[in-house]
Undergrad: 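Have a look at this one before I ask anything.
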Amino acid sequence: MRCYIVGGAVRDFIMGISPEDRDWAVVGSSVEEMLSLGFIPVGRDFPVFLHPETKEEYALARTERKFGKGYKGFTICAEPNVSLEQDLMRRDLTINAIAMDEEGNIFDPFGGVSDIKNKILRHVSSAFSEDPLRVLRLSRFSARYPEFNVHPDTMELSRLMVQNGELNTLVEERVWQELSKGLAAPSPHKMFSFLFLCNAFFEIFKEFKYITKDSDSISLFFSSSSDAVRDLAVPERFAYYFAEFLNIETLCSMCTRMKIPVIFRRLGMIWRRCLESSCTPPTTSSDIVEWFDTLDLWRCPDKFSSVSKIIASRMSTSTSVLDTLKTAFDASRTVKLLPHEIALLSVKEIKDLLKRKRIIAVSSAIY
């Protein structure tokens with residue numbers, strides 16, 4: 001048997017990036033031999049093992065044959081006679097279809113090294129079209145390596161996959177996994193730009209088909225580079241993009257459909273409320289407390305920093321204004337109602353009393 005480092009670790013090595021982890025392809029072996037050597041089986045759909053000492057993943061070299069729609073419609077062959085080139089051929093992009101043996105020799109049958117040098121994202125073979133998830137993987141690679149360009153043939157193949165309805169076969173959770181990785185990449189706008197160019201955006205984010213804004217405005221916003229997202233966490237980036245056009249009801253509907261984590265939904269709602277209030281920070285104590293009410297910050301006090309970023313990204317606001325709001329928020333959160341104050345009050349009266357005390361606390365803090 002022969003073992004080769006494959007995929008992202010080799011790509012990153014060639015690009016001068018320290019790989020986060022290493023995956024191995026094993027040629028000329030079998031499940032029985034791997035088990036006899038102490039490897040731990042972990043693969044559910046095909047033979048993957050953990051090294052008994054390093055815990056790195058070792059997968060038997062395999063081929064795949066398409067028999068149905070979607071990304072699960074494959075039969076796998078992982079026999080000892082499967083060659084390294086056959087294993088690399090089933091991979092998505094040429095930059096991910098490079099192998100390196102234990103002596104450091106590079107095996108590059110599909111021109112991945114050249115494509116790295118020329119900054120090209122190109123599919124390995126026509127088998128690319130057999131897995132619709134690869135359209136999304138390509139989109140996040142566009143965000144991860146913004147200086148790379150998608151090869152015209154690969155773009156056309158992606159368009160055909162979208163046109164044939166292949167993306168509709170994807171499980172929503174897998175869609176979100178790829179998109180969230182793209183949002184975390186250095187240039188998420190490049191991911192969205194690719195999705196628009198291959199006509200996938202409105203297929204993935206179906207809720208945008210029913211809003212009043214024209215598609216060109218949506219495309220321009222998502223595809224344009226913005227310094228505003230550079231310092232935002234991934235949930236904040238999600239809120240920045242999607243709360244711009246979707247109202248709270250539609251935003252929540254999309255999050256439910258795509259099974260997007262709650263933190264993304266909450267930040268999206270807060271961001272949307274902020275935009276709907278024209279994102280104009282109030283100045284009087286009563287207006288400030290009312291504004292905090294509207295943004296529902298009492299239940300999510302840790303989200304105030306996100307609101308500050310929203311304000312900074314949407315309008316010319318001095319640091320002193322943001323500092324004042326932070327002081328007001330900290331002061332308002334110290335307000336507590338004692339049992340004897342609310343003993344005989346209705347729910348509405350309790351809310352009114354709490355609001356009055358918060359206004360007094362804010363006035364004392366900022367004036």
Side-chain angles (χ1 to χ4, degrees), residues 66 68-73 91-96 120-146 148-211 213-226 229 234 237-238 240-242 244-246 250-251 253-260 264 268:
K66 183 80 166 176
K69 277 209 165 191
Y71 69 99
K72 289 188 174 181
R91 297 175 184 270
D92 52 3
L93 303 174
T94 58
I95 65 171
N96 297 327
I120 296 172
L121 297 174
R122 185 204 310 262
H123 64 286
V124 176
S125 70
S126 59
F128 179 93
S129 63
E130 296 177 351
D131 184 356
L133 196 62
R134 289 176 168 177
V135 173
L136 298 180
R137 281 176 55 81
L138 183 52
S139 75
R140 72 171 171 87
F141 273 107
S142 296
R144 183 174 180 178
Y145 304 116
F148 279 60
N149 293 308
V150 178
H151 191 277
D153 292 344
T154 305
M155 179 66 76
E156 183 58 30
L157 194 56
S158 299
R159 289 194 183 107
L160 287 174
M161 293 168 69
V162 174
Q163 182 180 319
N164 292 337
E166 282 282 348
L167 268 60
N168 296 326
T169 67
L170 293 173
V171 176
E172 300 288 5
E173 291 94 331
R174 295 293 285 117
V175 173
W176 173 247
Q177 285 176 21
E178 295 299 325
L179 294 173
S180 61
K181 291 176 183 177
L183 282 170
S187 300
H189 69 280
K190 291 279 287 186
M191 171 178 71
F192 293 119
S193 178
F194 170 78
L195 292 176
F196 279 107
L197 288 171
C198 73
N199 303 320
F201 183 89
F202 293 106
E203 297 302 314
I204 297 169
F205 305 110
K206 299 175 175 60
E207 289 74 13
F208 280 81
K209 293 180 180 179
Y210 309 108
I211 65 176
K213 287 281 186 179
D214 65 272
S215 59
D216 288 341
S217 297
I218 298 171
S219 175
L220 180 62
F221 177 79
F222 276 87
S223 303
S224 298
S225 175
S226 175
V229 303
V234 177
R237 289 182 174 191
F238 169 83
Y240 172 89
Y241 284 110
F242 291 94
E244 179 74 17
F245 296 99
L246 300 179
T250 308
L251 184 69
S253 176
M254 186 184 79
C255 288
T256 299
R257 176 180 64 81
M258 298 185 71
K259 298 179 174 57
I260 296 173
F264 291 82

Undergrad: Under the 3.5 angstrom rule, does the side chain of T154 hit a backbone N or O of H123 as a donor-acceptor pair?
TA: yes
Undergrad: Taking atom CZ of R140 and atom OH of Y145, what is their separation to the nearest 0.5 Å?
TA: 9.0 Å
Undergrad: Has D214 got a side-chain atom pairing as donor or acceptor with D216's backbone, closer than 3.5 angstrom?
TA: yes
Undergrad: For the side chain to side chain contact (heavy atoms under 4.5 Å, CB included) test, which of I260, T250, L251 pairs with F242?
TA: L251
Undergrad: When rounded to the nearest 0.5 angstrom, what is the spacing between CG in D153 and OG in S126?
TA: 12.0 Å
Undergrad: Would you say L246 and F205 make side-chain contact, with heavy atoms under 4.5 Å?
TA: no
Undergrad: Looking only at heavy atoms, what is the nearest atom pair of R137 and E178, with distance?
TA: CG-OE1, 3.4 Å
Undergrad: Please report the closest heavy-atom contact between R257 and I204, naming both atoms and the distance.
TA: NH2-O, 3.0 Å
Undergrad: F208 pairs by ring-ring contact (aromatic ring centres under 6.0 Å, His included) with which of F201, F221, Y241?
TA: F201
Undergrad: Less than 4.5 Å apart, any side-chain heavy atom of L179 and any of F238?
TA: no
Undergrad: Is the shortest heavy-atom distance from the side chain of L136 to the side chain of L170 under 4.5 Å?
TA: yes
Undergrad: What's the spacing between D92 CG and L121 CG if we round to 0.5 Å?
TA: 9.5 Å
Undergrad: For the residue pair M258 and W176, what are the closest heavy atoms and their distance?
TA: O-CB, 4.0 Å
Undergrad: To check you understand the geometry: which heavy-atom pair defines the closest contact between A143 and G182, and what is its length?
TA: CB-O, 3.7 Å
Undergrad: Report yes or no: does S219 contribute a side-chain atom to a donor-acceptor pair with the main-chain N or O of S215 at less than 3.5 Å?
TA: no
Undergrad: Should we say atom NZ of K206 is surrounded by more than 12 heavy atoms from elsewhere, each under 6.0 Å from it?
TA: yes
Undergrad: About how many Å separate CD of E207 and OH of Y210, when rounded to the nearest 0.5 Å?
TA: 8.5 Å
Undergrad: Quick one: does S180's side chain have a donor or acceptor within less than 3.5 Å of a partner on Q177's backbone?
TA: yes
Undergrad: Hey, could you give me the CG/OG distance between L197 and S139, rounded to the nearest 0.5 Å?
TA: 11.5 Å
Undergrad: Please check this pair: side chain of S193 against backbone of K190, looking for a donor-acceptor N/O pair closer than 3.5 Å.
TA: no
Undergrad: If you take all heavy atoms of F128 and V135, which pair is closest and at what distance?
TA: CZ-N, 4.4 Å
Undergrad: If we ignore hydrogens and angles and just use 3.5 Å, is the side chain of R122 paired with the main-chain N or O of I95 as donor and acceptor?
TA: no
Undergrad: Could you check M155 against C198 for side-chain contact (heavy atoms from CB on, under 4.5 Å), going step by step and ending with a plain yes or no?
TA: CA-CA 6 Å; M155 179 66 76; C198 73; 3.9 Å; yes
Undergrad: For residues A185 and R237, report the shortest heavy-atom separation together with the two atoms involved.
TA: O-NH1, 2.7 Å
Undergrad: Any side-chain heavy-atom pair from F192 and L183 closer than 4.5 angstrom?
TA: yes
Undergrad: Can you check whether L138's main-chain N or O pairs, donor with acceptor, with S142's side chain at less than 3.5 Å?
TA: yes
Undergrad: Rounded to the nearest 0.5 Å, how far does CG of N199 lie from CE of M161?
TA: 13.5 Å
